[in-house]
Number of protein chains: 2
Amino acid sequence: MEKKQKTISVTGVGIKDVARLAGVSPATVSRALSGGPVSEALRAQVEAAVRASGYRPNLAARRLRSQHSGTVGLVVADIRNPFFTGLSRAVEDSAYQAGMRVILCNTDEDPQREALYLRLMQEERVSGLIFAPTRASMSTLDQSSFEFPVVLVDRAATGVPFDAVVLDNRAAAAQLVNHLVARGYRRIGGLFGKTSITGAERRDGYVGAMQRHGLESAYRLVAPTAEAAYAEAAAWFAEATRPQALVVSNSLLLVGVLKAARAAGLCMPADLALAGFDNDNWTELVEPGITVIEQPVDDIGRSAMGLLFERLQEPQRPLRRVVLSGRCIVRGSTAVLETAVTGAVPQEAER
Amino acid sequence: MEKKQKTISVTGVGIKDVARLAGVSPATVSRALSGGPVSEALRAQVEAAVRASGYRPNLAARRLRSQHSGTVGLVVADIRNPFFTGLSRAVEDSAYQAGMRVILCNTDEDPQREALYLRLMQEERVSGLIFAPTRASMSTLDQSSFEFPVVLVDRAATGVPFDAVVLDNRAAAAQLVNHLVARGYRRIGGLFGKTSITGAERRDGYVGAMQRHGLESAYRLVAPTAEAAYAEAAAWFAEATRPQALVVSNSLLLVGVLKAARAAGLCMPADLALAGFDNDNWTELVEPGITVIEQPVDDIGRSAMGLLFERLQEPQRPLRRVVLSGRCIVRGSTAVLETAVTGAVPQEAER
DNA sequence: AGCGGGAATGTAAACGTTTTCAACCTTACT
DNA sequence: AGTAAGGTTGAAAACGTTTACATTCCCGCT
């Protein structure tokens, strides 16, 4: 008549109930569950009691008492941007592997939403934050605004007072320019997002590389949407100064440019060569494939979590900035320019 | 000499400090902040004290005491799957709009990881869960396993004891078959994911539609990866029974199939017509564009949150199953079959 | 004038853990 | 044999809120 149910799924079973069931004190249950010093005999009893009762620790209580949230925040512009999608996955894997949880927030590049979420991070008492700030906030922020370590990703002006992991955007953009030059292109334009520091850095890399080649740079800045890129590109293509080749600062813009090129009836790469950022799978599937800089998104996420953990262990260590290189994936969109009538092949400018 | 700092950014400022600063009791501060009955005068004092002290409520404590986590869980296979990316964004928007937070988990279709995260949801005491279960777990699960409402998305066998919002997968697959038939194709194959109920339903829809047209169905099941799809498709294309057209059950598989078709030198749609699911942007960019069923992913996310909220308000109401329709976007990959020598045009089978 | 009722406020308990501290038991050493 | 040391265990405090309950005050009614 005293049969015990195998599992009780009703909540309200707390650590005290487990303790009573196991014939020990709540403190012992806590220690048994968190790997504290408990004799093997009692540990077994506790585990049995936990199983029998279906006990689930209350994380809110645990956090309140222990003052550790075991949570990291991830605040990015928009998870639908493939770069952030990949990043979030890498961050989550690292986090859950370390037994931590992730809170994900999309700011949509809106400083107000961003501020809201940063406040949320404080209220959650996150252990740390991985953060791709809007351009506006970057300059105003300061480590002392936060009670927890912050690691910047993707966007981080040099000299900003945070740990950061970024792509070498200038070098990457320059690499694209060099590649295009080597392939015989000269009238090379650029299209960059105007809201992010990333776009600005890539523009700098583009401009610098063009200068080094003695070429005149011609770039335009747009809002970071496919629609804006489409409009700008369509207008540009209609002008007399239409470029032979275009360097585009992210995959969203690239979509817009590609559609505009199609709409204008431009043939790639004969009428227009295209090179961009982010190795989304469609850049390979499109005909011809698009030459892009691939960002090591897994590395970026892992490195960011790594910096975070190291900072947590050693709060006073000097700031670190991890700069990763992009890999240039050459595809048909930048094939050798057939109509080029330059006398000699230019000095090999790639690499 | 008694000057007060404008903002104190150090934590450790709790509700008691605010109370002292405002000259009221902690209870009044709590009420003022949560919209309880407080005189205007005191409310103003409290707000001033909050601003002056930089007070941030501790969510762990709040949750512990109030027994409301203000958090919904979102457990999906992989955020990198564009369907889930969009879903997560829609869910998060709904959630944050309702003042709630979201915890996102990727199961990778691994029942073990899934079980781990479901346990986590219990420990977090989430208010509710939005869940795309693996096939294995679907049958074993039961609302009574959870202390909180669960809404299934994307995958939900009929008759499963949960609220759910799903696509009408059978109708959608049938729609693709009808479309292909109307365009003159007869030897229509199918490639479906073998791990999800979604794949199974789409297969059913395909088989049923083929039967109604008096055509012989020929489908294959693969693991839900682009690689598996590539391998299977490549093998299939090499056989004598190579289909004229292929219905593919998700965008990941579609990538594999497309690559295999390219590798086999098949020309679309002359050698092979292709129709799939999920209107990823690349399906439009590829040449020719791919005919797909577009899932109303925003609606799905919003509806799921809607069901969740309604269930929270009224726990006893009968189960609801929201079935949404996909929209067929016709592109070049299913252009009218030129080489068709059928005597008469078949009865209009579309729609 | 007395009294009932409602709104605003304060006091203190409660939420479910972890952790400090003291007590206890064993073991080994002098 | 006595005691120091070390390892297990339990009692109780603490974490920072919300909320039940008591109190006070003010108003209007009889």
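Not measured: the values here are computed from a predicted model. We name chains A, B, ... by the order of the sequence lines, and we start the count at 1 in each one.
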Distance check needed: C:dT19 P versus A:Arg63 CZ, whole Å only. 14 Å
With nearest nucleotide decided by heavy atoms, which residue, A:Leu33 or B:Ala61, maps closer to the 5′ end of DNA chain C? B:Ala61
Could you state the CD1-P distance from A:Ile15 to C:dA14, rounded to the nearest angstrom? 19 Å
Nearest-Å distance for atom pair CG/P, residues A:Asp17 and C:dC15: 12 Å
OP1 or OP2 of D:dG10 under 4.0 Å from side-chain N/O of A:Ser25: yes
Are a donor atom and an acceptor atom from the side chains of B:Glu114 and B:Ser137 found within less than 3.5 Å of each other? yes
If you look at every strand shown and take non-hydrogen atoms under 4.0 Å, does B:Leu42 touch a base, only sugar-phosphate, or nothing? sugar-phosphate
Measuring to OP1 and OP2 of D:dT18, would you say a side-chain N or O of B:Arg62 lies under 4.0 angstrom away? yes
Let's see if you can work this out: which of C:dT17, C:dT18, D:dG16 has an atom nearest to the side-chain heavy atoms of A:Ser66? C:dT18
Nearest heavy atom decides the nucleotide; on that basis, is B:Gly23 or B:Leu64 closer to the 5' end of DNA chain C? B:Gly23
Could a donor-acceptor pair under 3.5 angstrom be found where the side chain of B:Arg65 meets the base of D:dT18? yes
A:Arg31 CZ - D:dA12 C1' separation (whole Å): 12 Å
Can you find a side chain N or O atom of A:Ser39 that sits less than 4.0 Å from OP1 or OP2 on D:dG7? no
Any side-chain heavy-atom pair from B:Arg155 and B:Met138 closer than 4.5 angstrom? yes
Within the pair A:Ser30 and C:dT18, is there a side-chain N or O less than 4.0 Å away from OP1 or OP2? yes
Between B:Glu109 and B:Arg135, is there a salt bridge with N-O shorter than 4.0 Å? no
Quick one: A:Lys16 NZ to C:dC15 P, roughly how many Å, whole number? 7 Å
Atom-pair distance (CZ on B:Arg20; P on C:dT9), nearest Å: 20 Å
Step-by-step ring-ring contact (aromatic ring centres under 6.0 Å, His included) determination, A:Phe162 to A:Phe131: CA-CA 10 Å; A:Phe162 293 98; A:Phe131 184 26; 7.9 Å; no
Has A:Gln67 got a side-chain N or O lying under 4.0 Å from the OP1 or OP2 atom of D:dG16? yes
Spacing between B:Tyr55 atom OH and D:dT18 atom P, to the nearest angstrom: 6 Å
Given atom NE2 of A:His68 and atom P of D:dG16, what is their separation to the nearest angstrom? 13 Å
Ionic contact status for B:Arg113 with A:Asp93, cut-off 4.0 Å: yes
